[in-house]
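As the structure is a prediction and not an experimental result, all values here were calculated from the model.
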Amino acid sequence: MSRRLDVELTSAREDGTWTWRAAGAKVPKGVVEATLLPDLSKVGDVLKIEADFDIDGITVLSVVQQRDKSQKATFLQLIDDKPFTAVTEKLARKSKNKDDKPRRDKRGPRTDRPSTSETSDKPRRERQPRAPRAASDATSPPVVQPVVRPAAKRIKPGRTHRRAILASLPEEQRSVAERVLEGGLRAVREAIKTQNVKLKADGKPEVKADGLISMAQDILPKLKVAEWLDKAEAAKKDLLQLDLRDLRAVVAGADDPMVVRDETTRELATELKLALKQRQETEMSQWIEDIKASLAAVRVLRAIKLSGEPPKAGVLFPVELGQQLAKAAADSLSNEASSDRWIAVLEALAFSPIRTAVKPLGAPQATTDALRQTVKRLAPLVPQIAILFAIEVKPGAQTPRPLRPPRAKREFKRKPKDKKVANTAPDTTASVPTIDLATASEPIVSTPVEQVLVVDASPTTQAT
């Protein structure tokens, strides 16, 4: 949002621009095009401007014309020579007769107004449409706004196919299948190992894992196909808005040997591969357009961030566009820029493909400790900038990673201590002996012929 500000012109540059600062203060300050200023502008003039404040700095939109205030007051001249007589005021006396004018009761309607029936026959004047507002000054340059793309959607697979597979399995195999869905064969082995440790401590015979592992290996291909179908159908519903990372993961999962063998996945896998190729081409063109639009809108920081986030890894950045972006980044890292501005640009530049092409003329005038720490951390990626701060890059230094935004703190409510939940003993009268690997404190051991793996049936355990 733009707002108005009183500024003072400080100097004129050779490139046709003027530097300014807030009237009566050192900051904020910036640069304004000479075409926006009056013809007879000079150093020290105080003007009122309309500027846009954003993360890239202050952009002057126009100069507001001020009204000329007259310095001399206007006086009335007395022509007559007669002495001045002051004006007097005399109030009329109130009438004591109550019948002269009807008075209005505080709780009732007024009696001196005409009734609604008397005025209903009069035509009501129609409201005329308001004339459109005058357009803004044609001399002010148009403000270029970058295109805002909608946020990508993350994949949210359902459980239709997985539930169908679990429903088709016998009762004694469902617990094993649920463990496989949680973590594959490794989850089944760890559950059996944990169970046997408890059984050994209690002096009971251990569960033989060969039959359960063999059962899990037989169920695994069906579960792999069902899991991939749930993800593929969810990706197909949001092909245009789906995040490319999720779409690539689904397409890569189609090459799994267990998924490729099934005939039901081939047609859907081919469709998703073609959609991924089209999406990558579209995202690449939009990526280049967004960087160009950000440079046209003088949003250098946004353009640098976008350059480090290509839609596909290993993409070569255009040479001509890289030269323009490097020049704009070097201009942003000027001597007059603040330390906060340097930190923001360096955090984005360190992970951009143009980081080695940006060579500022010098360090900022006011260098803070936070800026030096940032340069020291990013020195392996931008060694040419580290030299400006007399920071030596050691050979073999570890490459830094981008900073993550801080997470919001969650507030946990403590449960009241007076509320207690009664513990219920497990039912041991079932026809088939079970081994509860999730919650049972004293698991039940079955005979070696009827070894069954059962997990807790709570919703939190069944969710993947």
Side-chain angles (χ1 to χ4, degrees), residues 154-196 206-239 242-277 432-438 443 446-464:
R154 300 306 303 265
I155 189 171
K156 296 181 180 179
R159 295 183 58 88
T160 305
H161 295 277
R162 282 174 283 183
R163 287 174 181 171
I165 294 296
L166 292 177
S168 63
L169 295 175
E171 186 68 24
E172 60 272 9
Q173 295 183 4
R174 292 180 185 175
S175 58
V176 180
E178 290 174 357
R179 284 289 180 178
V180 174
L181 286 176
E182 289 180 3
L185 298 177
R186 181 179 180 181
V188 178
R189 292 189 179 96
E190 291 179 355
I192 297 174
K193 183 179 179 180
T194 305
Q195 183 73 14
N196 288 334
E206 299 181 0
V207 177
K208 294 184 179 180
D210 296 340
L212 297 176
I213 297 298
S214 178
M215 183 189 303
Q217 290 176 348
D218 295 338
I219 304 173
L220 183 59
K222 297 180 182 180
L223 296 177
K224 282 283 187 180
V225 173
E227 185 177 9
W228 184 86
L229 286 175
D230 287 336
K231 293 181 180 180
E233 290 181 356
K236 186 178 179 181
K237 291 180 182 179
D238 298 326
L239 275 179
L242 188 64
D243 196 328
L244 279 180
R245 294 172 296 179
D246 294 341
L247 185 56
R248 288 194 192 98
V250 175
V251 173
D255 297 333
D256 191 288
M258 297 183 185
V259 179
V260 172
R261 295 173 190 170
D262 198 292
E263 297 181 358
T264 59
T265 62
R266 296 176 184 175
E267 183 178 355
L268 184 56
T270 304
E271 184 178 354
L272 292 179
K273 288 180 181 179
L274 181 60
L276 176 60
K277 183 179 180 181
V432 180
T434 61
I435 302 176
D436 192 345
L437 298 178
S446 63
T447 57
V449 181
E450 297 177 347
Q451 291 179 353
V452 182
L453 186 66
V454 177
V455 296
D456 190 3
S458 60
T460 56
T461 306
Q462 291 181 356
T464 57

Can you tell me if [X] uses its side chain to pair, donor with acceptor, with the backbone of [Y] under 3.5 Å?
{"X": "D246", "Y": "I155", "value": "yes"}
{"X": "N196", "Y": "V207", "value": "yes"}
{"X": "S168", "Y": "I165", "value": "yes"}
{"X": "T265", "Y": "V260", "value": "no"}
{"X": "R174", "Y": "L166", "value": "yes"}

Are there more than 12 heavy atoms of other residues, nucleotides or ligands under 6.0 Å from atom CZ of R266?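 Yes - once you tally the heavy atoms of other residues, nucleotides and ligands closer than 6.0 Å, there are more than 12.
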Could you report the tightest heavy-atom contact between A235 and L247, atom names first, then the distance? CB-CD1, 4.4 Å
Do NZ/NE/NH1/NH2 and the carboxylate oxygens of [X] and [Y] come within less than 4.0 Å?
{"X": "K237", "Y": "E233", "value": "no"}
{"X": "E190", "Y": "K193", "value": "no"}
{"X": "D230", "Y": "R163", "value": "no"}
{"X": "R245", "Y": "D243", "value": "yes"}

When you compare the side chain of [Y] with that of [X], does any pair of heavy atoms fall below 4.5 Å?
{"X": "V180", "Y": "K224", "answer": "no"}
{"X": "H161", "Y": "E227", "answer": "no"}
{"X": "W228", "Y": "L223", "answer": "no"}
{"X": "L244", "Y": "L276", "answer": "yes"}

Would you compute the distance between atom [atom1] of [X] and atom [atom2] of [Y] and round it to the nearest 0.5 angstrom?
{"X": "K236", "Y": "L268", "atom1": "NZ", "atom2": "CG", "value": "6.0 Å"}
{"X": "L229", "Y": "R162", "atom1": "CG", "atom2": "CZ", "value": "10.5 Å"}
{"X": "Q173", "Y": "L212", "atom1": "CD", "atom2": "CG", "value": "10.5 Å"}
{"X": "L239", "Y": "L272", "atom1": "CG", "atom2": "CG", "value": "6.5 Å"}

Criterion salt bridge (Lys or Arg N to Asp or Glu O under 4.0 Å) against D255, the qualifying member of R248, K273, R261: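 The single option meeting the salt bridge (Lys or Arg N to Asp or Glu O under 4.0 Å) with D255 is K273.
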